[in-house]
Amino acid sequence: MTHVLAFDLGASSGRAVLGRLVDGRIELEELHRFSNDPVLVGKRLHWDVLRLLHELKQGLLKAKNQGIELGSIGIDTWGVDFGVINEAGELLGNPYHYRDTHTTGMMEQLIEELSADTIFERTGIQFMPINTLYQLASLNRNHSQQLIGGKHILLFPSLLRYFLTNEMYNEFSHASTTQIFNPKTMDWDDLLLQTIGIDRELLGEVVQPGTQAGKLSDEVCDELGIDTVPVIAVAEHDTGSAVVAVPSTERSFAYLSCGTWSLIGTEVQEPVINEMSQSLNFTNEGGAYGTFRLLKNIMGLWILQESRRAWEREGKAYSFPELVQLAEQAEPFAHFIDVDDDLFLHPGDMPAQIRLYLDRTGQSHPTDVGSYVRAILESLAFKYRQAFEQIERLTEAVYEGLHMVGGGIQNTLLCQWTANALGKHVWAGPVEGSAIGNMAVQWIASGELKDVWEARRVIRDSFPIVQYEAQDAESWNNAYKQYKMKTNIK
């Protein structure tokens, strides 16, 4: 039976997942899982892109060694990052990690040159210093060797796809995250590119999700001893793929893709670019099949992941289930942080950054690991509530609850506390949302599924959905008021 293969790369790990349709149900098999670790070289933080290419090849080899026939392949990754290819087709240096500090001050500089109103009106994208706009501006204005001699700028999944196919196409859902793509003209924005000194020809053609964007190259097939396979440009931003996999029965729904980043929003037919969406710092990222993702990027479980790394460096190794158990035992509502504060953006000693934030806001320090973890998870839940209420204001809609997808939903405590904070239902599942959405676009491209709504029905029938009910409403409502007061969030 023919399978599809989804390469799903997040900011901390990646996986190669096989999928097949059997009697209206999806069957999954994880072929290969690998860590995705940034590499600090001197003062610069990079992605180990060639290692990631090696891991993709391992996934292809494992499929071959199991005698699996592949119908197609799709790749999705995190947003905003890219690589530069020269005239000979070679990569110019290891791509920078979005958490590298080379963009420091660049967002403020461009806002001063162009105005926030101009940038937002032309892109509809949330202002974040990690955005591609500020990365490219920094590279060009600092005469970086990453750009000199460059002929093609390929966003990260397109870069990996190029390594496998020798074809160069950027994809819409990923292009839309860059803050240099105009959703009104559906093309790269000339004013922004001229301002940062980037030739639009470097960015090339943008294709829609579901487009066949090449086949495995002769070189890759010869190296691995495999037959060529079509490579589909899926919704190549991992959140774009995750939203495809939201198993909603309603056309209007709210979702949270939960992982290293938390992305909470709703699916709309047109970008919402107005004074309110700009003031709330929402974003309009491209989706599959003529949709946009009106959402807020929230720092997410990165803060917990980086705290765990800091404790490991001190010789204290905790599994994530152990950390959750410690949090459950800690005192509730003792410390509050704004998870999106710039203190938490870059790698480092995250517990020390939390203490610095608490000092700044006149709060006491946690006394044990569980108290740190509880502060992170409770603050995330409250941040979700704030963003959820803003989505309802922006769309003038009322949502019965929140669909949570992605690896973060394995943290059942966070799911329950999110329901408590919202005072609404939370439906959690599927865990492998991005990989499943990646596959769904491949099946729609091949005609095995009719459209995204048939795909969502099949996904709903194929995977368990856990429903969480809100509990202890009075305590959580009172704590939310404390959270807003302590963090000075309006």
Asker: Would you check, one step at a time, whether the test side chain to side chain donor-acceptor pair (under 3.5 Å) holds for Y372 with S307?
Answerer: CA-CA 9 Å; Y372 280 99; S307 295; over 6 Å; no
Asker: Checking N438 against D76 for the side chain to side chain donor-acceptor pair (under 3.5 Å) test, could you report, in this order, the C-alpha distance in whole Å, the side-chain angles of both residues, the deciding distance, and whether it holds?
Answerer: CA-CA 7 Å; N438 178 324; D76 66 82; 3.0 Å; yes
Asker: Is it true that E55 and N36 share a donor-acceptor pair across their side chains at a distance under 3.5 Å?
Answerer: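 No, no side-chain donor-acceptor pair sits under 3.5 Å.
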Asker: Using side-chain hydrogen bond (donor to acceptor under 3.5 Å, both in side chains) as the criterion, list what pairs up with T185, not counting sequence neighbours.
Answerer: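 Testing T185 for side-chain hydrogen bond (donor to acceptor under 3.5 Å, both in side chains), a comparison that skips the adjacent residues, returns none.
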Asker: What is the minimum heavy-atom distance between C415 and I409, and which atoms define it?
Answerer: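 Between these two residues, the closest heavy atoms are SG-O, 3.6 Å.
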Asker: Is the cationic atom of R161 (NZ for Lys, CZ for Arg) positioned less than 6.0 Å from the six-membered ring centroid of Y169 and within 45 degrees of its normal?
Answerer: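 Not flagged: R161 not positioned over aromatic ring of Y169.
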Asker: What's the shortest heavy-atom distance between S12 and T260, and which atoms?
Answerer: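 It is OG-OG1, 3.4 Å.
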Asker: As a test of understanding, state which of N297, N131, T283 forms a side chain to side chain donor-acceptor pair (under 3.5 Å) with Q126.
Answerer: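 Result for side chain to side chain donor-acceptor pair (under 3.5 Å) with Q126: N297.
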Asker: Does R51 have more than 12 heavy atoms from other residues, nucleotides or ligands lying within 6.0 Å of its CZ?
Answerer: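 For R51, atom CZ is not crowded (no more than 12 foreign heavy atoms under 6.0 Å).
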Asker: Look at the rings of W188 and F181 and say which category their plane angle falls in: under 30° parallel, 30 to 60° tilted, over 60° perpendicular.
Answerer: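 Geometry flag for F181 against W188: perpendicular rings.
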Asker: Does a side chain donor of either Y134 or Q179 reach within less than 3.5 Å of an acceptor in the other side chain?
Answerer: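 Yes, Q179 and Y134 have a side-chain donor paired with an acceptor closer than 3.5 Å.
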Asker: Go through T178 and T123 one step at a time and tell me if the side chain to side chain contact (heavy atoms under 4.5 Å, CB included) criterion holds.
Answerer: CA-CA 9 Å; T178 60; T123 65; over 6 Å; no
Asker: More than 12 heavy atoms of other residues, nucleotides or ligands under 6.0 Å from CD of E314: is that the case?
Answerer: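 It does: E314 CD has more than 12 such atoms within range.
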Asker: What are the two closest non-hydrogen atoms of P95 and L91, and how far apart are they?
Answerer: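 That closest heavy-atom pairing would be CD-CD2, 4.3 Å.
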Asker: Applying ring-ring contact (aromatic ring centres under 6.0 Å, His included), run through F156 and W78 and close with a yes or a no.
Answerer: CA-CA 8 Å; F156 219 91; W78 66 95; 4.6 Å; yes
Asker: Does D227 have more than 12 heavy atoms from other residues, nucleotides or ligands lying within 6.0 Å of its CG?
Answerer: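 12 or below, so no.
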Asker: For the residue pair S371 and D368, confirm or rule out a side-chain donor-acceptor distance under 3.5 Å.
Answerer: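 Their side chains do contain a donor-acceptor pair, which is all the 3.5 Å distance test asks for.
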Asker: Fit a plane to each ring of F172 and F292, take the angle between them on a 0 to 90° scale, and name the class: parallel (under 30°), tilted (30 to 60°) or perpendicular (over 60°).
Answerer: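 Perpendicular.
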Asker: Have R293 and T266 got a donor and an acceptor in their side chains that come within less than 3.5 Å?
Answerer: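 There is no such pair (donor and acceptor under 3.5 Å, judged by atom type) between the side chains of R293 and T266.
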